[in-house]
Amino acid sequence: MTDGVTVPAQAGTASTGDGLMVRAEQVHKSFGPLEVLRGIDLEVRAGEVCCLLGPSGSGKSTFLRCVNHLEKINAGRIWVDGELIGYRERGGKLHELRESEVAAQRRVIGMVFQRFNLFPHMTVLQNVVEAPVLLGREKKAAARDRAAALLERVGLGGKLGNYPSQLSGGQQQRVAIARALAMRPKLMLFDEPTSALDPELVGEVLDVMKDLARDGMTMIVVTHEIGFAREVGDHLVFMDEGVVVEQGDPREVIANPRHERTRAFLAKVL
């Protein structure tokens, strides 16, 4: 798939009745001559927590950004809740959606990045209220009430009037999670959400994510937090050099990895 160019459609369709929230088929992504994703097949069921592990440069974050079309894939397909992401099929070919249509798809896919990306000139409450009001999802009063409730949920009910610079890194990341939840997403994507935090702040962010998992939020989490993957994950995927090397139940993969590359990686991080 390339900008504005149609490509032959692949066989198969995704069904909203099959319990899948995310389905990726033979996803390829290149940056110039560098092939970052080399045929990713992945399924995530509704309500599951899928953890992506792997060394730096293995394609984990790139794949996550492809799920909400922040990166355009070169081949393959990705569906979220049965809807083809970024493209429309017509006449046996895939045609790229308009940016406004892609933006509408992204509204049900929350994403939390390594860096918090909060608006520094807005209070904590304003940061969470902004998107639902700007996009017409909620009236301002209702959005403020919901934002306050979400901030209470992530342990920041007493920080509504604070600015990001007055918060710790862990607190800022929890605001970022509340901001993503304010759009009522079907799916949450986490791109190494604790990697920029001091070690003593990691736990407070992971606790919020565990709470979301208990509530049945479908999540794909790029992480090096093996304990989180073992405790909370339903599905673990180990990636290396743009391919899925091994996947399965997190506890089984971590305790008894079948592939030598997985064993070597886990030996370094456990």
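As the structure is a computational prediction, the values presented were derived from the model and not from experiment.
Using a 4.5 Å cut-off on side-chain heavy atoms (C-beta onward), L125 and N162 make no contact. Looking only at side-chain heavy atoms (C-beta outward), E192 and F113 stay at 4.5 Å or farther from each other. The shortest distance between side-chain heavy atoms of L53 and I226 falls below 4.5 Å. Residues P185 and I109 are not in side-chain contact: their nearest non-hydrogen atoms beyond the backbone lie 4.5 Å or more apart. Contact annotation: the side chain of L151 approaches that of V124 to within less than 4.5 Å [non-hydrogen atoms, C-beta and beyond]. You'll find the side chain of P164 stays beyond 4.5 Å of the side chain of V175, heavy atoms only. Residues M21 and V80 are in side-chain contact: their nearest non-hydrogen atoms beyond the backbone lie under 4.5 Å apart. The closest side-chain heavy-atom distance from M188 to V221 is not below 4.5 Å.
Closest approach of C51 to G233, counting heavy atoms only: SG-CA, 4.2 Å. Counting all heavy atoms, side chain and backbone alike, V129 lies closest to A147 at CG2-CB, 3.6 Å. Taking both residues in full, the closest heavy atoms of A176 and F116 are given as CB-O, 3.9 Å, listed atom of the first, atom of the second, then distance. Taking every heavy atom of both residues into account, F63 and L37 meet most closely at CA-CD1, 3.8 Å. Listed here is the closest heavy atom pair of S61 and Q114: OG-NE2, 4.4 Å. When all heavy atoms of V232 and V49 are compared, the closest pair comes out as O-CB, 3.9 Å.
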Chi angles and distances behind the side-chain contact (heavy atoms from CB on, under 4.5 Å) call for T194, F228
CA-CA 11 Å; T194 61; F228 175 85; over 6 Å; no

As a quick check of understanding, evaluate salt bridge (charged side-chain N to carboxylate O under 4.0 Å, His left out) for R45 and E48, giving each step before the final call.
CA-CA 6 Å; R45 302 189 71 79; E48 276 190 343; 5.3 Å; no

CA sep, side-chain torsions, deciding dist, call: V108, D81, side-chain contact (heavy atoms from CB on, under 4.5 Å)
CA-CA 10 Å; V108 298; D81 199 21; over 6 Å; no

Could you please spell out the steps behind the side-chain contact (heavy atoms from CB on, under 4.5 Å) verdict for F190 and V222?
CA-CA 6 Å; F190 292 88; V222 173; over 6 Å; no

Salt bridge (charged side-chain N to carboxylate O under 4.0 Å, His left out) between E231 and K210, worked out
CA-CA 9 Å; E231 178 186 350; K210 291 174 185 177; 3.2 Å; yes

Under the salt bridge (charged side-chain N to carboxylate O under 4.0 Å, His left out) criterion, do R184 and E138 qualify, and how do the steps go?
CA-CA 11 Å; R184 304 180 187 271; E138 290 185 272; 3.4 Å; yes

The test is side-chain contact (heavy atoms from CB on, under 4.5 Å); show your working for L197 and Q172 and say whether it passes.
CA-CA 10 Å; L197 302 179; Q172 290 186 61; over 6 Å; no

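Ring geometry for H69 versus Y87: interplanar angle over 60°, hence perpendicular rather than tilted (30 to 60°).
The backbone N or O of R98 sits less than 3.5 Å from a side-chain atom of E101, completing a donor-acceptor pair. Looking at D215, its side chain never comes within 3.5 Å of a backbone N or O of M217 through a donor-acceptor pair. Remark: the backbone N or O of L118 is not paired with any side-chain donor or acceptor of N127 at under 3.5 angstrom. Looking at Q126, its side chain does come within 3.5 Å of a backbone N or O of T123 through a donor-acceptor pair. Judged by distance alone, the side chain of E252 and the main-chain N or O of D249 form no donor-acceptor pair under 3.5 Å. One N or O on the side chain of E204 and one on the backbone of Q171 form a donor-acceptor pair closer than 3.5 Å. Without hydrogens or angle criteria, T223 side chain to E225 main chain gives a donor-acceptor distance under 3.5 Å. Side-chain N or O atoms of K29 include one that pairs as donor or acceptor with a backbone N or O of K72 at under 3.5 Å.
The NE2 atom of H259 lies 13.0 Å from the CD atom of Q247; values are rounded to the nearest 0.5 Å. Atom CD1 of I40 sits about 11.5 Å away from atom NZ of K60, to the nearest 0.5 Å. Atoms CG and CG, from L206 and D211 in turn, are 12.5 Å apart once rounded to the nearest 0.5 Å. The structure places CD1 of I177 at 10.0 Å from CZ of R153, a figure rounded to the nearest 0.5 Å. For the atom pair SG (C50) and CG (L64), the distance works out to 9.5 Å, reported to the nearest 0.5 Å. If you take CG on L189 and CG on D191, they are separated by 9.0 Å, rounding to the nearest 0.5 Å.
No single ILVMFWY cluster, assembled from side-chain heavy atoms under 4.5 Å apart, contains both L266 and M239. Grouping the Ile, Leu, Val, Met, Phe, Trp and Tyr side chains by contacts below 4.5 angstrom, directly or via other members, places Y163 apart from V128. Linking Ile, Leu, Val, Met, Phe, Trp and Tyr residues whenever their side-chain heavy atoms come within less than 4.5 Å leaves V22 and M183 in two separate clusters. Transitive grouping of hydrophobic side chains (ILVMFWY, heavy atoms separated by less than 4.5 Å) keeps V102 and M111 in distinct clusters. In terms of hydrophobic clustering, with Ile, Leu, Val, Met, Phe, Trp and Tyr side chains grouped at heavy-atom distances under 4.5 Å, I254 and M209 are assigned to different clusters.
Side-chain atoms of Q105 and N68 form no donor-acceptor pair, as typed in the model, at a separation below 3.5 Å. In this structure, a donor-acceptor pair under 3.5 Å is present between the side chains of T262 and E246.
Taking the salt bridge (Lys or Arg N to Asp or Glu O under 4.0 Å) definition, one finds that R144 meets it with nothing, sequence neighbours left out. Taking V243 as the reference, R38, V245 meet the side chain to side chain contact (heavy atoms under 4.5 Å, CB included) condition, with sequence neighbours excluded. With sequence neighbours left out, R115 forms a salt bridge (Lys or Arg N to Asp or Glu O under 4.0 Å) with no residue at all. With sequence neighbours excluded, no residue forms a side chain to side chain donor-acceptor pair (under 3.5 Å) with T218. When the salt bridge (Lys or Arg N to Asp or Glu O under 4.0 Å) test is applied to D240, the partners found at least two apart in sequence or on another chain are R261. Here R65 pairs with E71 under the salt bridge (Lys or Arg N to Asp or Glu O under 4.0 Å) rule; sequence neighbours left out.
Contact check on R106 versus E99 returns a salt bridge, with a Lys/Arg side-chain nitrogen under 4.0 Å from an Asp/Glu carboxylate oxygen. Comment: E89 engages R77 in a salt bridge, judged by a side-chain N to carboxylate O separation of less than 4.0 angstrom. A salt bridge links E260 with R263: the closest approach of a Lys/Arg side-chain nitrogen to an acidic carboxylate oxygen falls below 4.0 angstrom.
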